Protein chains: 2
Amino acid sequence: MTQAQILSRNQQIVLDIIEKAKGPLKAYSILFNVQKKGINAPQQIYRALDKLIEMGKIHKIESKNAFVACRISDCEISNATAFSICESCEKVDEISDAKLSKYLSSFNHKKGMKFKRFNLEFFGLCKKCK
Amino acid sequence: MTQAQILSRNQQIVLDIIEKAKGPLKAYSILFNVQKKGINAPQQIYRALDKLIEMGKIHKIESKNAFVACRISDCEISNATAFSICESCEKVDEISDAKLSKYLSSFNHKKGMKFKRFNLEFFGLCKKCK
DNA sequence: TAACAAAGTGTTATAATATAACATTTATTA
DNA sequence: TAATAAATGTTATATTATAACACTTTGTTA
Ligand SMILES: [Zn+2]
Ligand SMILES: [Zn+2]
Ligand SMILES: [Zn+2]
Ligand SMILES: [Zn+2]
């Protein structure tokens, strides 16, 4: 069994907020939300975010510069991420699809590059916005 | 036949620089490169970039906030983009793979979302850096 | 061709995102 | 307990991106 990660105080505060959020959160909106808890500077947020990403607890949605909690129990520690993003309401879902993940993880570029990691972002309209 | 796009002065200047570059360029590095041509403000760069992206002439590498020229003749006007990115030397190649593109374009999310567009970024080490 | 609309430009200012650097504190481990 | 590693607090600054407004050029159509 892998030891459950113990988070530092700031890491836990930041993670809690991201987990409670309905959608992706931006770094500065996290910052404004935690100032009552004594976190005052962007550095403190970005440091926590970096560690949480390393641990696979959260992911960065690159096209939005925003962060979501990982909801996938066996998420491969951020080596294989895929998201669906609604262009209207901004809803983001992490996609957990074994076939897709396998297909992409074994994809090899002609030019001899062996991939370690990928990130895939799908865009469209969610059920509600369609 | 679709009419070949005619670019405005600023759009052409920005595209030329991106096409000549060996790797992805950042907006402000483009700006510094064109100040001799009378372009002085970020707005002018970002406006040109936006249009060039719309036209499918360039793509944004989201994980790097940088821009590359499209080298793919039948690139589906930015609806289906895939890139390989070297984590060491920062080399970026656009991936043109009909199977991959077909596979992803027809991928449908369980939650009823129909995708219009995707962007995929692979990370690893290129031949040289391996 | 004159009138209008649409697209592009130039400019100043500012917002939003992210990192550098350094001093200090807390936790881990040898 | 001494040494090391990880995390924190803080100030300053770098980088990326957009808002707003006045003006010009280009395209369209009456
Ligand atoms: Zn995940
Ligand atoms: Zn939606
Ligand atoms: Zn392309
Ligand atoms: Zn390389």
Side-chain angles (χ1 to χ4, degrees), chain A residues 2-18 21 23-68 85 87 90 92 119 121, chain B residues 2-18 21 23-68 85 87 90 92 119 121:
Chain A
T2 42
Q3 158 92 41
Q5 280 281 6
I6 289 162
L7 301 179
S8 76
R9 182 186 134 81
N10 288 2
Q11 288 159 12
Q12 190 64 61
I13 289 171
V14 170
L15 180 58
D16 286 348
I17 292 210
I18 296 175
L25 289 184
K26 305 212 152 211
Y28 276 73
S29 105
I30 296 169
L31 176 57
F32 298 140
N33 270 280
V34 299
Q35 295 196 317
K36 52 199 162 199
K37 303 218 176 183
I39 297 181
N40 302 299
Q43 263 293 1
Q44 296 171 287
I45 302 299
Y46 282 104
R47 284 197 289 228
L49 290 171
D50 287 348
K51 290 297 175 181
L52 292 168
I53 288 169
E54 263 180 48
M55 295 173 196
K57 301 275 188 191
I58 65 171
H59 303 296
K60 181 172 187 181
I61 306 301
E62 294 286 358
S63 60
K64 301 176 84 70
N65 297 317
F67 304 85
V68 294
I85 301 168
E87 285 175 313
E90 316 266 287
V92 170
N119 180 55
E121 299 182 2
Chain B
T2 41
Q3 158 92 42
Q5 280 282 6
I6 291 162
L7 301 179
S8 76
R9 182 186 134 81
N10 289 1
Q11 288 159 12
Q12 190 65 60
I13 290 171
V14 169
L15 179 58
D16 285 349
I17 293 212
I18 296 175
L25 289 184
K26 304 212 153 209
Y28 276 74
S29 106
I30 296 169
L31 176 58
F32 298 139
N33 270 281
V34 298
Q35 295 196 315
K36 53 199 162 200
K37 303 219 175 183
I39 296 182
N40 301 300
Q43 263 294 2
Q44 296 171 287
I45 303 298
Y46 281 105
R47 283 196 291 226
L49 290 172
D50 287 348
K51 291 296 174 182
L52 292 168
I53 288 170
E54 263 180 48
M55 295 172 195
K57 300 273 188 191
I58 65 170
H59 303 295
K60 181 173 186 180
I61 307 301
E62 294 287 357
S63 61
K64 301 175 85 67
N65 297 317
F67 304 85
V68 294
I85 301 168
E87 286 175 314
E90 315 266 288
V92 170
N119 180 55
E121 298 182 2

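Atoms considered below: every heavy atom in the structure, side chains included; atoms not considered: hydrogens, waters and symmetry mates. Treat the numbers as computed from the prediction; the structure is a model and nothing was measured.
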### Query
At under 4.0 Å, does any side-chain N or O of B/Lys26 touch on OP1 or OP2 of D/dT15?
no
#### Entry: A/Asn65 vs C/dA18: side-chain N/O to OP1/OP2 distance below 4.0 Å
yes
### Query
What's the spacing between B/Tyr46 OH and B/Ile30 CD1 if we round to 0.5 Å?
8.5 Å
### Task
Could you grab the distance from atom CG of B/Leu49 to atom NZ of B/Lys57, nearest 0.5 Å is fine?
14.5 Å
Round to the nearest Å and state the distance from [X] atom [atom1] to [N] atom [atom2].
X: B/Ile45; N: D/dT18; atom1: CD1; atom2: C1'; value: 15 Å
X: B/Leu7; N: C/dA7; atom1: CG; atom2: P; value: 15 Å
X: A/Arg9; N: C/dT25; atom1: CZ; atom2: C1'; value: 13 Å
X: B/Asp50; N: C/dA7; atom1: CG; atom2: P; value: 15 Å
X: B/Phe32; N: D/dA14; atom1: CZ; atom2: P; value: 11 Å
X: A/Gln12; N: D/dT8; atom1: CD; atom2: P; value: 11 Å
X: B/Leu25; N: D/dA17; atom1: CG; atom2: P; value: 13 Å
X: A/Ile6; N: C/dT28; atom1: CD1; atom2: C1'; value: 12 Å

Pair of N/O donor and acceptor under 3.5 Å linking [N] base with [X] side chain:
X: A/Gln11; N: D/dA7; result: no
X: B/Gln43; N: D/dA17; result: no
X: A/Tyr28; N: C/dA15; result: no

### Query
Taking atom types as modelled and ignoring hydrogens, do the side chains of A/Gln12 and A/Asp16 form a donor-acceptor contact shorter than 3.5 angstrom?
yes
### Full working for side-chain contact (heavy atoms from CB on, under 4.5 Å) between B/Lys64 and B/Ile85
CA-CA 10 Å; B/Lys64 301 175 85 67; B/Ile85 301 168; 4.2 Å; yes
### Query
side chain to side chain donor-acceptor pair (under 3.5 Å) between A/Glu62 and B/Ser63: does it pass, once the steps are laid out?
CA-CA 6 Å; A/Glu62 294 286 358; B/Ser63 61; 5.5 Å; no
### Task
Indicate, with a heavy-atom threshold strictly under 4.0 Å, whether A/Arg47 touches base, sugar-phosphate, or nothing.
base
### Message
Between the base of C/dT19 and the ring of A/Tyr46 - centre-to-centre under 5.5 Å, planes within under 30° - is that a stack?
### Response
no
### Message
Which is more 5' along DNA chain C, the nucleotide nearest B/Lys51 or the one nearest B/Asn40? Just name the residue.
### Response
B/Lys51
### Comparing A/Ser8 and B/Lys64 on DNA chain D - which has the more 5′ nearest nucleotide
A/Ser8
### Nucleotide nearest A/Gln44 when distance is taken to its side chain, options D/dG9, D/dA12, C/dT9
D/dG9
